[in-house]
Amino acid sequence: MGEAGTVRLPLIQGGKTLAQVTLDVLAPMERRPGLLWWIAFAGALGLLALGAAAVSYQVATGIGTWGLNNTVGWAFDITNFVFWIGIGHAGTLISAILFLFRQRWRTSVNRSAEAMTLFAVMCAGIFPLIHMGRPWMGFWVFPYPNDRGPLWMNFRSPLAWDAFAISTYFIISATFWYIGLIPDLATIRDRSRAGPRRAVFSLLSLGWDGSYRTWQRYETVYTLLAGLATPLVVSVHTIVSWDFATSVIPGWHATIFPPYFVAGAIFSGMAMVLTLMIIARKAMNLEHYITHRHVDVMCKLILLTSGIVSLAYGTEFFMAQYSGNSYEQFVFLNRAMGPMAWSYWTMVSCNVLAPQFLWFKRVRSSLPAVFVITIFINIGMWFERFVIIVTSLHRDYLPSSWASYTPSPIEVATLLGSFGLFFTLFLLFCRLLPVIAIAEVKGVLQHGHPSGGGQPRHEEGSHQE
Amino acid sequence: MTRRVMVGIFADEQQVMQATRAVRKQGLRIMDVYAPYAVHGLDEAMGLPPSRLPWVCFALGLSGAALKVWFEYWTTSVDWPVNVGGKPWDSLPAFVPITFEVMVLFAGLSTVFAFLLVSRLYPGKTAVIADRGTTNDRFALVIEEADAAFDPQTIKRLLETYGAVEVFERAEETAV
């Protein structure tokens, strides 16, 4: 591909030079945090402390502290688990899938989206662990030679698949993220004066020297990891949906679940990425890097995934009525008109109706409007999981066992605590590591600048995309 | 043992790319090019063969998957068969999800370890950098002064015609 600068808009604004990119991205790390950061950090830490207290209490007392009953055996914990896993998926979409599709705008947001993935998976992992009741026995989900026979685990169980899927997802995402960080860690190392900071970044950057022989292999590894992470992310939420779909509960036992869950995951994750980016670009003066164009493109992805999710809502409702199975028919009518109808309609308004405003360019270019819509989607996608889990369970086959569900304060505190953990980690990440992939942004700097974006270019070469 | 190298520092990716092509055309040995980001097309300018890491990924991914299928079969139908809802001992379709996850894990981690190994990247390694700017905004083209026929002055002029901001000679330890 030759020069296509005339038809392409620049990805990075402000005619930055290479050195300026380094300065701009590292500036927030190299100055003292502002008052706003401290306020946000204190708030996040407070929520984390609340969550830690709640978790300690329920682990010490038992999960009888939750609002569950014999009928509703899964509720808040699994809702939160699926919600957080879903949030994580947008990070992988941006870092891996968009990389394979050569969507080079991703370079401005992939680092923070991947960080978001890691933190969200950590938050998600907490819930099944607590749900075990004895979290210190958590390693029982993996096959290891034990003195009980050895009695191996049941590899036919979707819950076992889940344990493998989530662990693999976390390990591969963390590796992908770290590999992406190495060149930037070396940049920080070479900028710092001798001292503890340089020592730490020296250790972490593994002696990276920018050799092109290494760069070539690095690119190969990056592509391979992206190729592996793409089916991985689809498999993870597919397996999460099988936790439900392989059961015989009406409203869960549906073949639509895997694609429905994967689309929902990316939908919710994109909303969370935008929520974070809109704040971060302002707070960290990165407006030239995370531009209106990025917001616009991500809004369109939200619109697309919202469409898929809406179609899935309609399909599952229609199929339930069309199936001739009275239990299926009942579950869906009960969702829309039963005692928990409020949660169903919250879900529909937030996930189907709210994103429709994004069809308008004026809405997409207004950051406050986009911010509000993403908050609605975050809420709506949490409710989607709540609706799927609780409304399917609370009125099952036998009317005599029908029950309702109200979360206990402990469960609410645990949910708040998971947000505390997420934001604590994210705020620390913003302070300690470059939030934008410096080396990747440098590679797209000349994108859309026929003259070379502030860089002198003497000859028109065969600059490859 | 030491050897002498010539280092040309550039400020632009197009310049270093063209200088690399020209130097290679002269038949000189390019030791390496140091860059702050992956400059696309430089591998072809340097004449680097494609990386063989995909083979590591393929082989180890396949081994991981094979190992996992065998392990699941062995545990559930040989070592201690447990009747779960009357399902067959060798429930191969039910083994697919974990096999896939383990394949991804093996393929991903082995590729990364192989990469770190062949690129000699490890914690505690001291980076020998051609120029401090190569992790910021400079590109360094390092040429080996292989034999007596190497004329530093000519090469220096050649690099300068391609816009080198600085050219210097340096002695380098060869034992890596």
Side-chain angles (χ1 to χ4, degrees), chain A residues 17-19 22 143 149-152 154-156 160-161 164-165 168 171-172 175 179 182-183 186-187 189-191 202-221 224-225 228 231-232 235 239 242 439-440 442-443 455-459 461-465, chain B residues 11-12 14-15 17-18 32-43 46 48 50-51 53-54 57 71-72 75-76 79-80 82 84 87 91 94-95 97-98 100-102 104-105 107-109 111-112 115-116 118-130 132 134-137 163:
Chain A
T17 64
L18 295 175
T22 314
L151 176 62
W152 301 105
N154 175 20
F155 286 111
R156 302 175 190 94
W161 304 345
F164 274 87
T168 303
I171 296 170
I172 292 292
T175 311
I179 288 293
I182 295 174
T187 303
R189 174 199 67 202
D190 293 343
R191 278 173 59 78
S202 246
L203 198 68
L204 290 176
S205 58
L206 309 178
W208 178 272
D209 55 8
S211 146
Y212 196 78
R213 288 173 203 278
T214 309
W215 268 121
Q216 190 208 20
R217 295 187 194 111
Y218 173 93
E219 290 274 282
T220 309
V221 170
L224 287 172
L225 284 180
L228 289 169
L232 179 65
S235 85
I239 290 174
W242 283 339
E440 286 196 44
K442 284 176 182 168
Q455 292 245 46
R457 183 186 288 184
H458 302 285
E459 267 177 275
S462 58
H463 180 236
Q464 310 241 324
E465 279 310 326
Chain B
D12 181 78
Q14 289 305 313
Q15 295 172 344
M17 184 109 75
Q18 275 147 22
D32 217 330
V33 178
Y34 295 85
Y37 57 92
V39 181
H40 288 248
L42 196 55
D43 44 353
M46 284 169 75
L48 292 181
S51 165
L53 286 168
C57 184
F71 182 72
E72 289 182 86
T75 50
T76 43
D79 193 46
W80 188 347
V82 176
V84 182
K87 288 174 185 135
S91 313
F95 296 164
I98 295 187
F100 174 77
E101 302 301 327
V102 172
V104 168
L105 190 65
L109 290 184
T111 311
V112 168
F115 161 66
L116 297 178
V118 291
S119 306
R120 294 199 190 86
L121 295 172
Y122 50 86
K125 182 187 177 187
T126 322
V128 185
I129 45 176
R132 268 222 150 182
T134 54
T135 54
N136 183 21
D137 61 345

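Computed over heavy atoms, backbone and side chain alike; hydrogens, waters and symmetry mates excluded. A note on names: the letters A, B, ... follow the listed sequences, proteins ahead of strands, and every chain is numbered from 1.
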Okay, A:Ile179 and chain B: the region with an atom under 4.5 Å from a heavy atom over there is side chain
With chain B, the option among A:Leu204, A:Leu224, A:Leu203 that has the most non-hydrogen atom pairs under 4.5 Å is A:Leu224
If one checks every heavy atom of A:Leu151 against chain B at 4.5 Å, the contacting part turns out to be both
Heavy atoms of B:Pro97 and A:Ile239 approach each other most closely as CB-CD1, 3.9 Å
Pair count under 4.5 Å, heavy atoms only, with chain A: among B:Leu48, B:Thr134, B:Val102, highest is B:Leu48
With sequence neighbours left out, the residues meeting salt bridge (charged side-chain N to carboxylate O under 4.0 Å, His left out) with A:Arg191 are A:Glu30
Using side-chain heavy atoms (C-beta onward) and a distance below 4.5 Å, is A:Arg217 in contact with B:Thr111?
no
**Asked** Between B:Cys57 and A:Leu228, is any pair of side-chain heavy atoms under 4.5 Å apart?
**Response** yes
When the 4.5 angstrom heavy-atom criterion is applied to A:Pro143 and chain B, the contacting part is side chain
Okay, B:Tyr122 and chain A: the region with an atom under 4.5 Å from a heavy atom over there is backbone
- prompt: Does a side-chain heavy-atom distance below 4.5 Å link A:Val221 with B:Val112?
  reply: yes
Of B:Pro50, B:Gly124, B:Pro36, the largest count of non-hydrogen pairs under 4.5 angstrom with chain A goes to B:Pro36
Max heavy-atom pairs within cutoff under 4.5 Å with chain A, candidates B:Asp32, B:Leu121, B:Asp137, goes to B:Asp32
Hits for salt bridge (charged side-chain N to carboxylate O under 4.0 Å, His left out) against B:Asp43, two or more places apart or cross-chain, chain-then-number order -> none
Cut-off 4.5 Å, heavy atoms of chain B, and the answer for A:Asp190 is both
Quiz item: Is the centre of the A:Trp215 ring less than 6.0 Å from the centre of the A:Tyr218 ring?
Solution: yes
In terms of heavy-atom pairs under 4.5 Å with chain B, the winner among A:Pro183, A:Ser205, A:Pro150 is A:Pro150
Scored by heavy-atom pairs under 4.5 Å with chain B, the best of A:Leu206, A:Thr187, A:Leu232 is A:Leu206
When the 4.5 angstrom heavy-atom criterion is applied to A:Thr175 and chain B, the contacting part is side chain
Between B:Val33 and B:Met46 the two heavy atoms that sit nearest each other are CG2-SD, 3.7 Å
When the 4.5 angstrom heavy-atom criterion is applied to A:Thr220 and chain B, the contacting part is side chain
> Any idea how A:Phe155 and B:Phe71 line up, ring-wise: parallel (<30°), tilted (30 to 60°), or perpendicular (>60°)?
Replying inline: perpendicular
